[in-house]
Amino acid sequence: MDRVRDGISASPGIVIGPARVLHMDAPPVPHGGIIPQEQVEAEVERFYEACNWAKEEIRQLREHTRVELGEVEAQIFDPQLLMLEDVDLVGSTAEYIRKNFLTAERAFEWRVLEWETRWSHTTHPMVLDKLNDLADVQARVLRRLLGVTEPDLALHEQGEGIILVARDLTPSLAAQLDSSRVIGLATDSGTRTSHSSILARSQKVPSVVSLGSLSEEVRTGDELILDGRAGRVIIHPTEEEKEAYRVRDFQTREWEQELLLLARLDAVTLDGARIALRANIDLPGEAGAARAHGAEGIGLFRTEFLVVGRNAVPGEDEQYAAYRKVLEAFPEEPVVIRTYDLGGDKFPAFLHMPKEENPFLGWRAIRVCLDEPRLFRAQLRALLRAGQHGDLRIMLPLVNDIAEVEATRRMIDECVKELEAEGHGTIGGYSLGAMIETPAAAITAPELSRHVDFFSVGTNDLVQYTLAVDRGNSRLAKLYNSFHPAVVRLLKVIADAGDDAGLEVSVCGELAAHPLGAFLLIGLGVDSLSVGPSALAEIKKVIRSVSQARAKEAAAESLTASTPDEVESILAEHMGDDLDLSLFTGSWNVSRRD
Ligand code: PEP
Ligand code: MG
């Protein structure tokens with residue numbers, strides 16, 4: 001067994017303590033499960049009673065979370081409440097009971113399995129969250145139906161703090177952690193943005209996710225070091241390792257204090273170059289955190305939350321309210337809203353997308369939008385209306401060719417005319433940009449630049465398409481390297497094309513959140529970096545610690561490198577020793593979706 005396990009950092013902090021392994025699956029449903037016809041209606045009643053009971057429990061948990069952690073965290077439970085009101089889940093289960101004479105638990109288990117299958121081919125964090133929510137709902141309803149009591153977490157006994165190790169954590173459990181007892185969390189699966197990670201961060205419980213099969217290998221009582229900042233767990237640490245981590249803990253606390261002071265300072269290099277530092281957000285509610293962490297606007301607002309896992313197309317007014325909320329949070333600054341990036345691994349239930357052999361090379365992003373004008377027009381109309389409340393920049397994902405931009409512009413022009421005719425006033429003041437995420441778009445950036453108002457580089461996809469390495473395939477994680485010379489050279493083509501055309505070039509992929517990546521991008525002449533709210537302070541620290549002139553030298557030299565390692569060492573050498581790179585959050589994998 002490998003003693004040192006690397007996962008994904010989900011909540012910072014270093015702790016040392018004994019493991020408590022928790023197995024929290026839904027209770028098993030007994031075999032059999034056929035009932036006499038005359039019992040059917042009573043069984044349906046019993047099922048509805050269990051659903052109502054579960055709803056009430058979740059409402060109480062939501063309220064507890066609201067009081068303890070705040071409204072944003074409380075909203076994590078809303079999807080579960082919606083699931084328990086969804087006819088496709090609840091109504092269909094009742095139908096299965098009636099048609100197949102199944103017990104409520106058997107019928108519900110079937111229906112849940114069908115929902116899971118629908119989503120199981122994806123690795124997208126938003127969908128994984130839905131699966132985790134569904135597991136939470138399933139366990140709760142089944143426990144009620146089977147008369148099983150809540151699992152005894154035995155987390156309240158006296159003694160030293162424990163590090164909870166589990167396959168995954170449901171939001172319910174994460175919200176109820178007793179942070180005086182649970183000093184750390186380590187899970188086999190999960191992502192940095194999953195609901196349980198959000199809750200762990202809010203409760204300041206150091207946490208590492210995506211650790212493979214840790215929960216099967218560790219036993220309750222085994223001593224662990226958990227480094228939530230680096231995303232690492234060490235099993236049975238030596239005395240030297242424990243001492244080294246105590247020192248590191250001290251250093252990181254000092255570093256965090258320093259970062260706190262940065263929110264209000266400008267993102268300007270030592271030689272006076274201003275870099276617009278903006279935030280990536282996935283939900284409207286995150287705009288507040290972005291602002292608090294010092295973002296100068298939003299560089300990427302992903303809009304898939306409006307459609308993924310939903311059974312119906314979202315209405316124009318609902319979308320308008322979501323976009324407006326973010327624009328109003330940044331009335332003076334740019335807000336870049338990306339149109340739906342569906343397909344790949346993000347499938348809304350209502351689109352009935354065909355199963356594809358190669359979804360990432362398939363019907364995805366702008367291709368889907370242009371083929372589904374009803375869906376796209378509603379989004380464009382909502383965006384144009386919301387644009388009246390700020391500096392809206394509409395951004396198209398996975399653009400590969402000029403015709404896609406032109407077709408979108410024609411649609412926008414039609415929507416503007418419609419909206420004005422409907423009395424929405426004069427619509428104007430928005431701009432239209434392309435994400436550069438494929439080698440095709442990068443190489444033809446000089447031509448594309450004549451048709452758009454800005455570029456934003458999605459390095460997460462650009463890297464996977466340039467290197468032909470699936471960003472979600474953990475087996476290929478080592479091959480997915482954002483510092484590959486081919487990527488660096490494409491970035492140079494894009495930055496130069498933007499510069500020649502006088503367009504702003506921003507980078508919103510994860511490379512911008514890596515200290516060496518940010519340094520490289522500044523050197524290539526990128527105007528803006530957009531990173532998740534939690535990375536804002538660290539990247540501001542990088543910007544304020546380097547000179548643009550030095551970054552330019554480093555970038556020029558990187559362009560002559562022949563391997564990813566060479567690129568990294570050139571960058572590290574030019575950046576100097578003033579910044580301790582080991583203090584930065586996250587695993588050093590700049591590449592993969594998490
Ligand atoms: C990217 O590809 O870099 C990007 C920012 O978009 P997403 O991660 O949503 O595909
Ligand atoms: Mg992308």
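All ligand and atom numbering here is 1-based and tracks the order in the structure. What you see is a predicted model, and the numbers here were worked out from it, not measured in a lab.
The side-chain hydrogen bond (donor to acceptor under 3.5 Å, both in side chains) pairs that include a residue from residues 437-453 are Asn400-Thr438, where partners are two or more places apart or lie in different chains.
Of all non-hydrogen atoms in Phe77 and Pro171, the two that sit nearest each other are CZ-O, 3.6 Å.
When non-hydrogen atoms are compared, ligand 1 lies under 4.0 Å from the side chain of Leu300 (C-beta onward) but not from its backbone. Only the side chain of Arg471 comes within 4.0 Å of ligand 1, judged by heavy-atom distances. Residue contacts with ligand 1 for Glu510 are absent, since no atom lies close enough (heavy atoms, distance under 4.0 Å).
The cationic atom of Arg471 (NZ for Lys, CZ for Arg) does not lie both less than 6.0 Å from the six-membered ring centre of Tyr480 and within 45° of the ring axis.
Note on the Mg ion (ligand 2): protein N/O/S atoms under 2.8 Å are Glu437 OE2, Asp461 OD2.
Considering only heavy atoms from C-beta on, Leu559 comes within 4.5 Å of Val488 through its side chain. Contact of the Pro206 side chain with the Pro12 side chain is not registered, since no non-hydrogen atoms from C-beta on lie closer than 4.5 Å.
A distance-only check finds no donor-acceptor pair linking the side chain of Glu372 to the backbone of Val368 [under 3.5 Å].
The atoms of ligand 1 that sit less than 4.0 Å from any heavy atom of Gly458 are 1 (C), 2 (O), 3 (O).
A salt bridge does not link Asp317 to Arg324: none of the charged side-chain nitrogens sits closer than 4.0 Å to a carboxylate oxygen. Ion pair Glu406/Arg409 not flagged as a salt bridge, since none of the NZ, NE, NH1 or NH2 atoms sits closer than 4.0 Å to an Asp/Glu carboxylate oxygen. At a threshold of 4.0 Å, the pair Lys540-Glu296 does not count as salt-bridged, since none of the basic side-chain nitrogens sits closer than that to a carboxylate oxygen.
Remark: distances from the non-hydrogen atoms of Met435 to ligand 1 include one below 4.0 Å. Contact analysis puts Arg338 in contact with ligand 1, with a non-hydrogen atom separation below 4.0 angstrom.
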